[in-house]
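Some notes on the structure that comes next.
All values below were derived from every heavy atom in this structure, side-chain atoms included, with hydrogens, water molecules and symmetry-related copies excluded.
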Amino acid sequence: MKMRVYELAENLKIPSKELLVFLKKEGIKVKNHMSNLDKDTIELIKEIIISDKKKKGEKRKKQIKIIEINKLPNLKELSLQLKIPLLAIMQKIINFGTISSIDKEIPTNILQDIVKEYGFKIKYSEKLRNKIKSQKKDKTTKLVSKPPVITIIGHVDHGKTTLLDVIRKTNVTKDEFGGITQSIGAYKVKIKNKKIVFIDTPGHEAFTTMRARGVKATDIAVLVVAADDGVMPQTIEAINHAKAANVPIIVAINKIDRPNTNVEKIKKDLSKYDLVSEEWGGETLMVEISALKNKGIKKLLEAISLQAEILELEANSNIPAKGLIIETKLDKKRGIIGSVLIQDGSLKVGNYFIAGLSYGKIRNLIDDKGRNIKEAGPSTPVEIIGFSKMPQAGDYFQIVPDDRFAKIIINERENEERSKIIEESSKVSLDNLFLEIKEGKIDNLKIILKTDTQGSLDALQETLKKIKIENEEVKVVIIHAGVGNITETDVMLASASDAIIVGFNIRPDANIQKIGKSEKVEIRLYRVIYDLIDEIKSALLGYLKPKIQEFICGQAEVREIFKIPKVGTIAGSYVLNGKISKNDNVRLIRDGKLIYEGKVTSLKRFKEDAKEVNADFECGIGLEKFNDIKLKDIIEFYNFKEIK
């Protein structure tokens, strides 16, 4: 007897999400809620969970501390009674409901939740117990189903934008279309009286920048693959981002109206990345569509609706709103405007809120049709006016009781932010890897691998996967691999997944290196495969020797070429950044690929020799034994220093 994951969850009376986490923790391989489980596995799971519940119950009985109260406390009194800082309780309490102020009594339902969070149990006095019983029964904990939030992902030119436009036009009435959907970044559609919310974000922002801040922006990802083009580099990248965020994928095979389509080949190629069609015995929903001809769109929306039912998405509309900042902008007339996707609870005009390091009071609420509204509930995209300063996309949005409450929390967050900047980065690096392993902080080394050719990529992937260290459980995990230069998306995925980036025979530009530093992502570059393998092995063993680290002195762009008899080719260049010197080592980079590495024969300003040239100045550069210089080539000047 087989059973799907969500069916077993219903049987055990636990949320299917909780069961998925448990299965992965126990090493039972499942992809999503639709995965099948055999009879033996089902019996084993039931036995473990029942046993675990008993142990947890016994442990909880021992750990729970009792506090006695004869009157409902305010926040300050609760802080003293639990011996927990007031700021810590304030940060927690907004997750459980509304309180009118710091000095007023905490409602019983919120009091019970916050006390339980800190491992306490309340013992009420008889007088207070009778008072609570006489009060109206609280209904704030009632959960209702909420619309799913969808992000459309895939390779460039595969039809993502066309699909979004078709869905919007065919599911929104003419008078509603053309509101502020382009600026709000999200909109709602209806299918069989069920609502679906689409986030209209570029690239993989919903899976990277937002995930790096510890939030989940989307419930389901729709992967668009062109039937006449197939699985491309950005398709693979999109799959890896969705998997890293643990988001279920529905595949939309687009452009089926075109000639030379090969749907079966696409399904075969996708199966290499664990996306196996239901027709082939897998668990991935795949729908054939033509966004241009408006074919299969209804079937795709039905597939989304079905997947949403399996996910059992729920929210509580009776608690203060919590959500996510999707986009921000500054309007000359209206001030700072934040697009917010409400994920739980509800909000009203006049509510106070916090978002990242910003706070404010809601002056105006505007829905995805451009209409002014008074309130909004779960899975609703809205524009909010009333921010004190510009928040960031991906910031967590929460309603708070009042202005005073908001300011106290924001001040604390600003202090925490300053402390983070002062602290050293805790991101994983090859240098501190062994120490992290010994302290039990990590059990594998996550890598994003980028190379110059497919051959190099295949060879390195195979070799890295085989690296095993005796008596150590730690292993190398490649979370994304691709041919081409390192991109901003790679850096953000590394930041979100706590991975390092390994580049072979490629050179990221100055902007990518700058983003890597700001996100505290280690980027390691190699030209010899054996050096790459040896360094990773040594890091896993804890024997990484002092390294000679390269540092970039400056970069110059070739803007003119002069061919001088008996001298050779001189690159008329503009120094983009840093300071370049005749004594530095140089490399010439063309379209992200390394073309030449060597020394400078001459460095001139006008007709005079120069020892060094600063940024924003022009100069002439001659390279040793190299004349194949082209316009827009980048000449990178670098040196070395030893780091233990």
Side-chain angles (χ1 to χ4, degrees), residues 1-63 116 141-150 194 216 218-223 239-240 242-251 267-268 270-287 302-316 440 443-444 446 465 473-475 477 479 497:
M1 180 194 74
K2 285 188 177 182
M3 193 181 280
R4 292 187 188 266
V5 171
Y6 77 90
E7 290 172 330
L8 179 59
E10 286 175 6
N11 189 277
L12 292 168
K13 294 180 180 178
I14 60 171
S16 56
K17 287 180 186 176
E18 192 179 302
L19 181 57
L20 269 175
V21 172
F22 168 79
L23 294 173
K24 286 175 185 177
K25 191 178 176 184
E26 292 294 322
I28 300 167
K29 290 186 178 179
V30 291
K31 291 174 188 172
N32 52 40
H33 306 73
M34 295 290 287
S35 297
N36 280 313
L37 301 167
D38 58 44
K39 187 181 178 182
D40 292 340
T41 307
I42 292 165
E43 292 304 317
L44 178 67
I45 293 164
K46 284 182 176 179
E47 195 176 310
I48 294 170
I49 287 178
I50 292 164
S51 171
D52 197 40
K53 277 183 178 177
K54 285 179 182 176
K55 285 177 185 175
K56 279 182 180 175
E58 289 166 10
K59 191 178 178 184
R60 202 178 291 117
K61 281 178 186 177
K62 291 176 186 176
Q63 287 179 341
K116 188 179 176 183
T141 55
K142 189 179 179 182
L143 294 174
V144 293
S145 62
K146 69 167 186 173
V149 178
I150 316 297
K194 289 183 181 178
K216 185 181 174 183
T218 189
D219 299 311
I220 300 166
V222 174
L223 177 69
I239 292 167
N240 289 332
K243 283 184 176 179
N246 198 26
V247 171
I249 298 170
I250 293 172
V251 178
K267 289 180 180 179
K268 185 182 176 183
L270 287 171
S271 67
K272 294 173 188 174
Y273 303 96
D274 296 324
L275 296 179
V276 183
S277 168
E278 282 193 318
E279 294 171 17
W280 291 16
E283 292 150 3
T284 305
L285 295 170
M286 294 192 185
V287 184
E302 285 171 355
I304 291 168
S305 186
L306 175 65
Q307 183 70 60
E309 281 180 26
I310 294 164
L311 291 176
E312 300 169 346
L313 301 167
E314 291 181 322
N316 186 347
D443 55 8
N444 55 48
K446 295 174 186 172
K465 284 176 184 175
E473 291 181 6
V474 69
K475 60 182 179 179
V477 178
I479 62 169
S497 307

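- Partners of E314 under the side-chain hydrogen bond (donor to acceptor under 3.5 Å, both in side chains) rule, at least two apart in sequence or in another chain, do not exist in this structure.
- With sequence neighbours left out, K146 forms a side-chain contact (heavy atoms from CB on, under 4.5 Å) with L313, A315, Q343, P378, S379.
- The two residues D219 and V247 come nearest to each other via the heavy atoms O-CG1, 3.6 Å.
- D274 contributes atom CG, which lies 9.5 Å from atom CD1 of I239 (distance to the nearest 0.5 angstrom).
- Remark: side-chain polar atoms of K267 are not paired, donor with acceptor, to backbone N or O of M286 under 3.5 angstrom.
- Side-chain contact between Q307 and P148 is absent, with no heavy-atom pair separated by less than 4.5 Å.
- Contact record, L275 with T284: CA-OG1, 3.5 Å, taken as the closest heavy-atom pair.
- Remark: K268 pairs with no residue by the side-chain hydrogen bond (donor to acceptor under 3.5 Å, both in side chains) rule, at least two apart or across chains.
- Side chain of T218 to main chain of V149: a donor-acceptor pair is present (N/O by atom type, distance under 3.5 Å, no hydrogens or angles).
- Using a 4.5 Å cut-off on side-chain heavy atoms (C-beta onward), I150 and I250 make no contact.
- Contact annotation: the side chain of L285 approaches that of E278 to within less than 4.5 Å [non-hydrogen atoms, C-beta and beyond].
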Inset, instruction - Give the C-alpha distance, both sets of side-chain angles, the deciding distance and a yes or no for side-chain contact (heavy atoms from CB on, under 4.5 Å) between L8 and K46. - result: CA-CA 9 Å; L8 179 59; K46 284 182 176 179; 4.0 Å; yes

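- With a 4.5 Å cut-off on side-chain heavy atoms, V287 and V222 do not count as touching.
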